[in-house]
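Here's the structure we're looking at; comments come further down.
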Amino acid sequence: MTERTRIFIAYCFAEKRWRDRLLAALEPAAGKDRFIIWDESMFRVNPAWKTELTTALAMSKVGVMIVSDLFLESDFMSVARLPGRLERERKSGLEVCWVLARQCLFEQAGLKEADAGNHINAALDGLGSARRDAEVAEIVRKIAGYLGVDPAPAPMAALPAAKAAIPSAQLLPAKRRKLAAGAGQAESAVLQLQPLPERRSRSATAPSPHGDGGAPCPPPPVPAEPAASTIATSEVAALADTRVLESLDVTIQTRQTALRSLGRLARWLLLAALLLALASIPMWTALGFSHFVFVAGFAVFVAAQALRLRARASYLGQCLIGLRYTRGALADESLPSRQREPLLRKAEETLGVSRVSSHPR
């Protein structure tokens with residue numbers, strides 16, 4: 001029996017950045033040689049994908065899926081039926097851990113909430129950087145636990161006794177500073193090292209290297225407090241991005257529903273056209289040539305409408321892919337401003353929404 005030591009990762013190519021983010025977090029805990037990575041292109045370029053997929057899952061201790069709406073529409077679901085394969089391998093020792101990259105109807109794919117690495121209400125693309133890092137850390141801890149690896153960092157070395165033994169009387173609380181308006185009401189106490197009295201007197205009268213009689217040392221500069229306008233501007237910009245992202249989510253869901261309805265209607269029309277074409281053949285001999293021409297012509301008309309609907313569905317599908325990529329790019333907080341602004345303007349034109357003014361009154 002093959003020993004299970006690998007990590008199998010399945011992802012849709014459009015979610016490559018989440019694969020890279022997960023690998024960067026997993027490599028320190030699991031090593032670089034334990035990953036078997038598949039994207040949907042494997043099903044098209046590799047005729048022997050069934051055998052290779054079975055072998056890969058037999059070698060894996062953990063099966064990871066990066067789940068989004070694109071993943072649910074990929075060949076992992078329609079061709080390979082990956083969740084069912086993982087469930088069958090679970091009986092032989094495989095552990096399943098799927099990652100929610102974008103909000104989607106994962107329940108329809110048979111995915112269980114108990115197997116999710118992150119919280120189902122905390123999809124990675126909708127989080128801030130700090131919360132996202134925390135969710136990724138939880139995913140890594142869960143996978144490392146399945147592997148029997150301790151992901152906790154090594155404890156810091158203890159300070160030498162001479163440096164660690166600082167009298168508590170020397171640690172005095174500094175003046176508390178309130179945060180700027182709108183940034184919250186939290187206050188923080190900063191501890192600073194207060195010099196001993198005798199050291200202060202000696203440093204105040206110490207001769208300067210230029211022989212000026214020992215001028216007192218100037219106090220350290222106080223760091224400037226953040227301006228309220230800067231904080232307000234960043235909050236308004238974050239609100240504007242959130243509004244556009246929410247509108248994009250609603251539009252994507254609506255267009256996806258419309259696209260599925262158009263596809264079903266086009267299939268039904270094609271089936272009706274085929275049945276009419278078959279029914280027109282016996283009408284020629286039974287009812288005459290005029291009835292045959294009428295029914296066959298109507299079948300051609302229905303088929304033309306079906307093809308027109310399919311062309312419309314294909315166009316909407318291309319537009320939907322563009323919206324998804326725009327949504328993913330805007331959710332990336334590391335995207336530079338010079339690239340974010342054109343995307344925001346394009347999204348506003350497409351959706352017909354306007355951002356909050358970036359200059360507060």
Side-chain angles (χ1 to χ4, degrees), residues 1-13 15-16 18-124 135-152:
M1 182 177 180
T2 306
E3 184 180 1
R4 295 182 177 272
T5 58
R6 312 293 287 275
I7 302 174
F8 178 82
I9 299 179
Y11 75 102
C12 185
F13 189 78
E15 310 293 351
K16 180 178 179 294
W18 299 123
R19 182 209 70 176
D20 296 340
R21 180 69 181 86
L22 188 61
L23 286 178
L26 274 172
E27 283 182 358
K32 297 183 179 181
D33 300 329
R34 302 182 73 167
F35 300 103
I36 303 176
I37 302 174
W38 275 50
D39 60 44
E40 71 271 25
S41 64
M42 300 290 290
F43 302 101
R44 304 183 184 96
V45 302
N46 188 3
W49 65 265
K50 288 186 178 180
T51 303
E52 294 190 9
L53 180 58
T54 302
T55 303
L57 293 179
M59 299 168 57
S60 301
K61 178 63 178 177
V62 186
V64 180
M65 292 177 287
I66 300 179
V67 178
S68 65
D69 49 355
L70 297 177
F71 184 86
L72 297 183
E73 296 178 357
S74 68
D75 291 339
F76 283 109
M77 308 300 297
S78 60
V79 177
R81 303 189 182 276
L82 186 60
R85 289 176 177 268
L86 295 179
E87 283 297 323
R88 291 191 293 271
E89 291 291 334
R90 195 196 291 266
K91 300 177 182 179
S92 303
L94 179 70
E95 302 288 350
V96 178
C97 179
W98 58 274
V99 178
L100 185 61
R102 299 186 184 184
Q103 288 294 348
C104 58
L105 301 178
F106 61 87
E107 303 92 342
Q108 295 184 357
L111 300 176
K112 301 177 182 178
E113 181 179 347
D115 295 331
N118 54 329
H119 198 276
I120 59 171
N121 293 326
L124 295 182
E135 291 293 331
V136 171
E138 287 300 321
I139 296 169
V140 172
R141 289 190 184 97
K142 188 170 185 178
I143 296 176
Y146 289 146
L147 296 174
V149 177
D150 184 11

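Keep in mind that the numbers below use all heavy atoms, side chains included, and drop hydrogens, waters and symmetry copies. Quantities reported herein were computed from a predicted structural model and do not represent experimental measurements.
The structure places CZ of Arg88 at 8.5 Å from OG1 of Thr54, a figure rounded to the nearest 0.5 Å. Of the inter-residue distances, the one linking Leu53 atom CG with Arg85 atom CZ reads 5.0 Å to the nearest 0.5 angstrom. Between the CG atom of Leu124 and the CZ atom of Arg21 there is a distance of 9.0 Å, given to the nearest 0.5 Å. Between the CZ atom in Phe13 and the CG atom in Leu70 there is a gap of 12.5 Å [rounded to 0.5 Å]. A distance of 6.5 Å separates CG in Leu82 from CG in Leu57, rounded to the nearest 0.5 Å. Here the CD1 atom belonging to Ile139 is positioned 9.5 Å from the CH2 atom belonging to Trp18, to the nearest 0.5 angstrom.
Contact between Leu72 and Ala109 at its shortest, heavy atoms only, is CD2-CB, 3.7 Å. In terms of heavy-atom proximity, Lys142 sits nearest to Ala116 at NZ-O, 2.9 Å. The minimum heavy-atom distance linking Ile7 with Ser60 is given by the pair C-OG, 4.4 Å. The two residues Phe71 and Cys12 come nearest to each other via the heavy atoms CD1-N, 4.0 Å. Taking both residues in full, the closest heavy atoms of Cys97 and Gly117 are given as SG-CA, 3.7 Å, listed atom of the first, atom of the second, then distance.
Crowding of Glu113 atom CD: a count of heavy atoms from other residues, nucleotides or ligands under 6.0 Å not exceeding 12. In Arg90, the CZ atom is crowded: over 12 heavy atoms of neighbouring residues, nucleotides or ligands sit closer than 6.0 Å.
Contact annotation: the side chain of Pro83 never approaches that of Lys112 to less than 4.5 Å [non-hydrogen atoms, C-beta and beyond]. Residues Trp49 and Val79 meet the side-chain proximity criterion, which asks for heavy atoms closer than 4.5 Å.
Using a 4.0 Å cut-off between charged nitrogen and carboxylate oxygen, Arg44 and Asp75 count as a salt-bridge pair.
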Practice task
Please assess Arg19 against Asp39 for the test side chain to side chain contact (heavy atoms under 4.5 Å, CB included), listing each intermediate value before the final yes or no.
Solution key: CA-CA 10 Å; Arg19 182 209 70 176; Asp39 60 44; 5.8 Å; no
Exercise for the section: Could you check Leu86 against Asp115 for side chain to side chain contact (heavy atoms under 4.5 Å, CB included), going step by step and ending with a plain yes or no? Expected result: CA-CA 11 Å; Leu86 295 179; Asp115 295 331; over 6 Å; no
Handout entry: Intermediate values then yes/no, side chain to side chain contact (heavy atoms under 4.5 Å, CB included), Phe35 and Leu26
Key = CA-CA 10 Å; Phe35 300 103; Leu26 274 172; 3.7 Å; yes
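Under a 3.5 Å cut-off, the side chain of Arg6 and the backbone N or O of Ala56 do not form any donor-acceptor pair. Counting only distance, with no hydrogens or angles, the side chain of Arg4 and the backbone of Ser92 share a donor-acceptor pair below 3.5 Å. The main-chain N or O of Thr5 is found under 3.5 Å from a side-chain atom of Arg34 such that the two form a donor-acceptor pair. No donor-acceptor distance shorter than 3.5 angstrom exists from the side chain of Lys61 to the backbone of Ile143, with no hydrogens or angles considered. Asn118 contributes a side-chain N or O that, together with a main-chain N or O of Leu100, makes up a donor-acceptor pair within less than 3.5 Å. Between the side chain of Glu40 and the main chain of Ala10, no donor-acceptor pair closer than 3.5 Å is present.
Residue Ser68 is tested with Gln103, Glu73, Glu15 for a side chain to side chain donor-acceptor pair (under 3.5 Å); the sole match is Glu15.
Using cut-offs of 30° and 60° on the angle between ring planes, the pair Phe76 and Phe43 is perpendicular.
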